[in-house]
Amino acid sequence: MRLVWHMHSCFELVDRSTVVMDPHDGRSIGVKPPSLRADVVTISHDHFDHNAVRVIKGDYVVVKDVAPRDIEGVRIRGITAFHDDVNGEKRGKINIFHITLNGIRFCHMGDLGHMLTDAQIKELGDVDVLFLPVGGVFTIDGAQAQEMVRAIKPKVAVPMHFRVGGLSMSIQNADGFLNGLPDENVVRVGNEVEFEAEDLPERTEYWVFSQ
């Protein structure tokens with residue numbers, strides 16, 4: 001399994017099938033345009049920095065709702081959440097996707113703007129690799145993201161949607177999420193990492209991707 005970060009909230013899972021989550025076009029947010037080919041593309045919500053399917057090559061299936069399905073050996077289901085803390089009144093709804101590929105359970109939380117309820121966390125189920133926003137302003141911030149990790153208990157937590165060099169969006173960097181975490185549990189992985197299910201840790205690690 002190869003996991004690649006294309007900056008912002010865009011990740012690529014490469015195995016027997018390739019899944020791309022929340023693609024952007026790069027230029028619209030001030031960063032390098034991604035080079036992507038996919039079998040499955042998930043869109044958490046229809047904002048320009050998360051729904052740029054036009055940049056992706058290949059004969060892919062786009063998933064924009066939470067109905068359970070199996071596509072090219074990729075199991076996908078979802079739950080509905082909100083882009084803000086007032087039930088979507090400011091920025092609408094989002095999809096949180098639970099994706100199983102080659103036995104590894106991924107969860108991409110999109111632009112989550114509130115803390116999940118106990119019922120939502122139970123519905124989400126077990127998660128091996130959790131992608132969650134940490135930049136605040138339009139989403140939960142670093143402290144809230146830490147709280148979500150403690151509640152969901154993934155094997156790996158991956159911060160996303162935070163400020164990096166060149167990004168034209170006024171959000172926070174990842175420091176608020178990383179502050180206070182044990183150094184031995186924070187792993188700097190560059191922009192991609194390869195692993196198998198048996199490589200995943202028993203105690204939560206925090207994989208931090210960089211440009």
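Quick note: residue numbers are just sequence positions, from 1.
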Ring centres under 6.0 Å, that's the criterion: do [X] and [Y] meet it?
X: His108; Y: His98; answer: no
X: Phe97; Y: Phe106; answer: no
X: Trp5; Y: Phe131; answer: no

Q: Apply the test side chain to side chain contact (heavy atoms under 4.5 Å, CB included) to residues Val61 and Asp39: give CA-CA distance (whole Å), side-chain angles for both, the deciding distance (0.1 Å), then the verdict.
A: CA-CA 6 Å; Val61 177; Asp39 299 299; over 6 Å; no

Please determine if [X] and [Y] form a salt bridge, counting it only when a charged side-chain N lies under 4.0 Å from a carboxylate O.
X: Asp25; Y: Arg54; value: yes
X: Lys155; Y: Glu205; value: no
X: Arg105; Y: Asp126; value: yes

Q. Any chain of hydrophobic side-chain contacts (each under 4.5 Å) joining Val40 to Tyr60?
A.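 Cluster IDs for Val40 and Tyr60 differ.
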
Is there a donor-acceptor pair closer than 3.5 Å between any side-chain N or O of [X] and the backbone N or O of [Y]?
X: Arg91; Y: Asp84; value: no
X: Glu196; Y: Met1; value: yes
X: Thr204; Y: Pro154; value: yes
X: His8; Y: Cys10; value: no

Q: Return yes if a side-chain donor-acceptor contact under 3.5 Å exists between Asp111 and His50, otherwise no.
A: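 Yes - a donor-acceptor pair under 3.5 Å links their side chains.
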
Q. Is it true that atom CG of Asp65 has more than 12 heavy atoms of other residues, nucleotides or ligands lying nearer than 6.0 Å?
A. yes

